[in-house]
Amino acid sequence: MTKSPFRHLRLRDAGTLLGLLLIGGVFAVLTPVFLTAPNLLNILQQSSINACIALGMTLVIISGGIDLSVGPVAALSAVVGAALMVGGAPIAVAVLAALGVGMLCGLMNGVLITLGGLQPFIVTLGGLSLYRALALIFTGGTPIFGLPDGFRALTNGTLLGVPNPVVVVAVLALLAWVVLNKTPLGEYLMAVGGNAEAARISGVPVTLTKLAAYMISGALAAVAALILLGRLGAAEPTMGNLWELDAIAAAAIGGASLMGGRGSIIGTLVGCIILGALRNGLTLMNVQAFYQLLATGIIIIVAMLIDRATAGKEGH
Amino acid sequence: MTKSPFRHLRLRDAGTLLGLLLIGGVFAVLTPVFLTAPNLLNILQQSSINACIALGMTLVIISGGIDLSVGPVAALSAVVGAALMVGGAPIAVAVLAALGVGMLCGLMNGVLITLGGLQPFIVTLGGLSLYRALALIFTGGTPIFGLPDGFRALTNGTLLGVPNPVVVVAVLALLAWVVLNKTPLGEYLMAVGGNAEAARISGVPVTLTKLAAYMISGALAAVAALILLGRLGAAEPTMGNLWELDAIAAAAIGGASLMGGRGSIIGTLVGCIILGALRNGLTLMNVQAFYQLLATGIIIIVAMLIDRATAGKEGH
Amino acid sequence: QDLTPLNSDAEPDRMDWSELEARFGPMPETPAGTKVGGVSKTLTNEYWRSLGEGYANVAKAEGLEFVYQAAQSEGDQLGQLSIAENLITQGFAVLLFSPQTDANLIPAVEKAEAAGVPILNVNDAVIPSAKNYVGNVQKGNGVNVAQWFIDNRPDGGKVAVIEGQPGVYAAGQRTAGFTETITAAGNFEVVASVPADWSRELAFNAAATILQQHPDLIGFYANNDGMALGVVEAVKAAGKAEQVAVFGTDGISDAYAAIRAGDLTGTVDSFPVLTGEVALEVALRLLAGQDLPRVVATPQALVTADNVETFATSDMAALRAALLAQ
Amino acid sequence: MHMARLTLTGITKSYGPVQVLHGVDLTVAKGEVHGLLGENGAGKSTMLNILSGVIRADGGSIAVDGAPVTIASPQGARAAGIAMIHQELQQVPELTVAQNMYLGRPLRRLGGLIVDRGTQEARARAVLAQLDPGIDPAAPVGRLRVAQRQIVEIGKALLGNARIIAMDEPTSSLTPTEFERLVQVIAALTAQGVSVIYVSHKMDEVFRLCQRATVLRDGRRVGQVDIADVSPPQVIEMMVGRELAQASHRSFATGQVMMRVQGLTRGRHVQDAGFTLHRGEVLGVAGLVGSGRTELMRLIAGVDRAEAGTVEIAGRVVPQGVRARISAGLGLVPEERKREGIIRHRPVAVNMALPSMRLFSRLGITRAAHLNRTAETVMGDMQLRPLAVRRAIGTFSGGNQQKAIIGRWIAARAQILLFDEPTRGIDVGAKAEIYALIERLASEGHGIIVVSSELPEVIRLSDRVLVMREGRIAATLPGPEITEANIARHAIPATRP
Ligand SMILES: Nc1ncnc2c1ncn2[C@@H]1O[C@H](COP(=O)(O)OP(=O)(O)OP(=O)(O)O)[C@@H](O)[C@H]1O
Ligand SMILES: Nc1ncnc2c1ncn2[C@@H]1O[C@H](COP(=O)(O)OP(=O)(O)OP(=O)(O)O)[C@@H](O)[C@H]1O
Ligand SMILES: [Mg+2]
Ligand SMILES: [Mg+2]
């Protein structure tokens, strides 16, 4: 029995990992603090929000779509959840409401894309304005402060020394990995992204599959929002600015094809850590903002070139 | 001889026009100033920069790619051109240099995409950081003032009462239309975006075609930068923020498919005017900031739905 | 220990920067080589670069080790948070934060507190839990401009506001200060108040459209100088430079040039270099154990053609003198 | 024979560790039609793709008219006088027929700046007139039916005055009439000294057209034959390495109605179609290209929505929609394998399991081991070569891809199978296997519909034949009446438009 699909996965992900090791190696040499345990935990913690968003983005991208609206969806979930908590609702209710808002936004994106027959890029571009506007209107533009300590404790605690957000995102990543690789939904996502027409004729529930992808993306945006909510202790309607670009970059660095049909959870996670490590290392080296921007641009492209060079060996 | 390709084009564009008429109609009823000649010219003038960018974007999208880096490319061209002018170089030299910078950036994008085999989205996402960083480093972050009046007169003049930028963009649009519909390059662009494999097998110079698309996009970004340079009298390294989204939205509203192979110059122009009219009308009505954002999101989606409803009749 | 959430514009426990020396004496000695750091919004805006210059001036004078970092772009909230967190572990004696939003640096503030690193909130967005804040009164920017119109255009008339990014604290406060003050005067009407997202191009377009609709407009107030300079071009293109007064906010060097050239009517300068100097001085005083009020207000002045030369100095001592003389 | 027009010597090619051509020689004389034969995956397309510059050989040499040439690109091949008709349609749907025919080498005017569409269309029309005058050179190619698109591909190869034309299954979706026109065109070409390399799985065509043939097996040259000296079974034996038994029609039809279709209508394409299908029956559907056979299958399978009419299975009307029809036991093997059939990057096993993921999952988790085991059983049964069910389906030859798609419905335990051109592009060996499979399915009580443009196939398989004409069912022929003449009589409209 050949193991080729597995080898395939491993080789792609190995390329991404190689990129991470290279970047990590350079920083380790340049600044001694980089490789210390607290700093590595720090990088993981800082990458956790992007990772949360990027998990959903990866599923959406695999299904052949894209979700530009994640940031504003996060903001809308955050302000609704926070308003409920501040208004005295039990934490569980507020959390569920935030998740509900995220999934509702995802549902709306998904419905416009599937039943409306619109292009995902343009639907979620519209959503980018729409959901942000709703968050601003809901709050009148001012942040909501005064979240209960019980809620904040959830995100600021640690489990065996690992910050809770990292634990939560690790669990979600495991779930996403299982969904993608071990469930019918995962197969459907790859089939729909790989060849929607063939999938439809084969009886794949194309509409439901896409709806699921966007709803998962919305829900994960809400989770990211809740994590950040706990960390900040405040819900801002401007939360989530530019999150979509970071998440897409992470997924792409991790080997997802924006044409759909291909992507890897492990690759995406490594992609997130690459971006986080980059930011961390550049700050530690006290690189000026303009040069940080320069380095970000270069590293994204170089990471892709490394990935590409590794993938090339598979004969793609 | 049947004219089906023309009918095809006209029907799509008619859908977009219908969207424009609807939006225009609503504003005309709500604010009397909207339909006056000076205001309509005003809308055209304000749409001209987005139109210039969107022309290049349309060609890139038709070729199956995307160019997220247009804004920073414009900024880099602008600051180089402005620095030369302020440094005393002849206007023509500065203009050519700006165009050269734009084309060079486009070439770099194109080379990474074709020879590097990377995804356009991610290459130009990297470019988005990279070129912006270069513009910021080049200027130290400060705008360049003091452009010669001779240069500014070029963009602030009028021809038969029509502002020069509008004239320039109209000429460029005509050129783009000819390129797309009448020249080998236009066919190659459609072929590469419609079916890259078939194009390659038929001997279409796929690499050169894509390079051309990105270089044209870069050059048009430079033109847009020059127009704005003349109008504002200053070259800012932060110029062109979010231009890519406006241009993509215009192209998509105009019927371009982000999967490649389809798009229309006329549609894109109408799309630009829709977005320009929207902004103009909302300002005239003094709509509060949050609701402007809301309206923008809703209109983008509604315009796409109208377009889609019209296109649906073609059986696509 | 429990602090009320800070509102920098309304906090009663405050003082003006000019009283620092009088009330708390000369600058205390700081051990040479002490590490201080600043985290600011972005370097793409001259305002924040100038603030850093102010920090650097003091750091150099006192012989401190100094690090100044900023997010990659305006609005990069998480990026700025990462930077702030990464600095906390580096052994700084004090950190000066200028956050992107009111909330985005809260975790860093808490982390710093846990690590025993004092934090000073400098300008713009206000961290509600900040123990100390140095900066100007955002609302005051708008009030200053409105006051100019009330004083110089006694007949009243139509005015318009070009706002910054929707939802940003400074934009909201500046607009509110202007609109509330000028409306209270009775004979002015704010006919338009629209967002241009800090963009010169969008400000140009919005101003052109507004002038189209209200040819008798007498003035614009823009939430920052970049947008004001865009408005100036639109006003000139409409041939209404005589009729329409244009004001910005921040006092960047280009605004000064435009005021000298007679293009821009005025700006509310909040003297970023001086603010930076004052901020680091306050930080060092706090380090030395001085018990300063929670808010130290930094200077701000309406700059017009009348007084532009007074304020257009890079000699901070002279500037301090000029401001103190006001 | 004179000097060879084309000589390929010792051509080798590997994909990663897999060598697919082992030093293959091929010699084609001037004015000859030379067959290139072999089972699916034997390496025929690979040879022709090397010849036409689409892929590079790892080793070997090519000579045209005795002079060695290096062919590094499609343009290079064209410059050497070589044109090719590809096995898969290689067209840009958005461009017109003429634009597609001149793709990569447009005619120009105004100093080369502008595409001379007028002349392109005139010349395209002239070439197409020999094959199918009904094709409008100014229409977007995406609007044409598969058969017409294939004719456009043939026309494209005829345009450039090539000395060598390689045809990789040019007739896979053509009707006999269209094949006859192609025969005449090829005769005219060879009379002018043009050489043709002809790849086909249809033995009758090969024996009609070719003078000689080279036979490949597993990437090696088995031999070259003079067609006049051999019989089809001999050639087939060379291809597959064993003798294939010829079988005749066997019926397993019962009187029990499985499916009743009534009044099915969609625009002009299908009008008021009605028939019944019985348990164990194989129902053939014949008709000219464009007569609406594919559309009828899509309506029954729920892929397209019917404007009127019902599909009744086991006495119950099944609502519209693919999923509803699949649950009722229907399965469609579509006509365009690449576009409608396969998910290229996914393994064969997954492609097979798509409609039946429910069977392969428990508590929402995929039972991967069970899936792979089933796939190996099902695909092993169907002689998938190589039997690597975890390899991406895109790396298999067309015939083997088709097997996986048929296996899809076997795994899903569909009761009624709709085959739309099931053996298009499939070699004789596999074809016999598929016929046997269809018979086995019928014997097990499945109901089967086979749409085919190959009349021998329809006749060989069917218990009854529906003949379609211009969107309507023109006739239903019971067993004894199934003859080529009868089918043709009902299929051809009284007056052609
Ligand atoms: N890109 C590829 N990567 C890996 N293997 C490939 C690739 N393309 C073809 N092959 C393999 O090369 C072999 C020869 O394929 P080829 O397409 O030449 O066969 P063929 O004789 O044309 O078959 P058919 O009659 O089905 O068209 C097959 O085993 C096929 O799986
Ligand atoms: N996508 C489409 N757009 C427009 N017309 C179509 C489309 N698909 C099919 N048709 C038309 O529907 C009719 C029936 O076509 P269909 O493909 O069902 O015929 P067929 O007998 O299966 O022929 P073929 O052998 O080409 O598959 C034809 O007149 C064809 O032109
Ligand atoms: Mg083949
Ligand atoms: Mg058919």
Side-chain angles (χ1 to χ4, degrees), chain A residues 61 64 66 68-69 72 108 112 116-123 125-141 237 245-246 248-249 251-253 256-260 288-305 307-309 311-312 316, chain B residues 64 66 68-69 72 108-109 112 116-123 125-141 237 245-246 248-249 251-253 256-260 288-305 307-309 311-312 316:
Chain A
I61 287 177
I66 197 157
L68 300 180
S69 71
M108 160 135 176
L112 284 167
L118 304 186
Q119 302 183 37
F121 193 100
I122 199 76
V123 166
L125 182 61
L128 190 68
S129 297
L130 188 61
Y131 304 131
R132 177 72 71 208
L134 291 178
L136 286 165
I137 292 169
F138 181 79
T139 56
L245 292 186
D246 275 356
I248 294 168
I253 289 174
S257 157
L258 287 153
M259 292 318 219
Q288 194 248 358
F290 298 169
Y291 291 90
Q292 288 208 17
L293 201 58
L294 190 71
T296 309
I298 291 174
I299 298 270
I300 287 180
I301 291 171
V302 170
M304 292 304 293
L305 284 173
D307 181 64
R308 175 70 215 172
H316 270 288
Chain B
I66 198 159
L68 301 181
S69 71
M108 159 132 178
N109 289 338
L112 284 167
L118 305 186
Q119 303 182 37
F121 195 101
I122 200 74
V123 165
L125 183 61
L128 191 68
S129 297
L130 188 60
Y131 305 130
R132 177 72 71 207
L134 292 179
L136 286 165
I137 291 168
F138 181 78
T139 57
L245 293 186
D246 273 357
I248 293 168
I253 290 175
S257 157
L258 289 155
M259 291 321 219
Q288 195 250 338
F290 302 167
Y291 291 91
Q292 286 212 16
L293 209 54
L294 188 70
T296 309
I298 291 175
I299 300 267
I300 287 180
I301 290 172
V302 169
M304 291 303 294
L305 283 173
D307 179 66
R308 174 70 217 175
H316 270 288

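Throughout, a chain's letter reflects where its sequence line sits, starting with A, and its residues are numbered from 1.
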Residue selection (most heavy-atom pairs with chain A, distance under 4.5 Å) from B:V302, B:V123, B:L258 = B:L258
From the list B:G64, B:A252, B:S257, the residue making the most non-hydrogen contacts under 4.5 Å with chain A is B:S257
For residues 126-141 of chain A, tabulate all N or O donor-acceptor pairs below 3.5 Å that involve a side-chain atom, not counting sequence neighbours.
unit_1, atom_1, unit_2, atom_2, d
A:Y131, OH, A:C105, O, 3.2
A:Y131, OH, A:N109, OD1, 3.0
A:R132, NH1, A:P237, O, 2.8
A:R132, NH1, A:M239, O, 2.7
A:R132, NH2, A:M239, O, 3.1
A:T139, OG1, A:A135, O, 3.0
A:T139, OG1, A:L136, O, 3.3
A:T139, OG1, A:G141, N, 3.0

Between A:Q119 (side chain) and B:A256 (backbone), is there a donor-acceptor pair under 3.5 Å?
-> yes
To the nearest 0.5 Å, atom CD1 of A:I301 lies from atom CE of B:M108 at 5.0 Å
Among the listed options B:L68, B:I66, B:I122, B:L112, the residue most often paired with chain A at heavy-atom distances under 4.5 Å = B:I122
What part of A:L245 lies closer than 4.5 angstrom to a heavy atom of chain B: side chain, backbone, both or neither?
-> both
CD1 of B:I298 to CG of B:L305, rounded to nearest 0.5 Å, is 11.5 Å
Across all chains, not counting sequence neighbours, the side chain to side chain contact (heavy atoms under 4.5 Å, CB included) partners of A:A303 are A:I253
Any idea which of A:L293, A:I299, A:I300 has the most non-hydrogen atom pairs under 4.5 angstrom with chain B?
-> A:L293
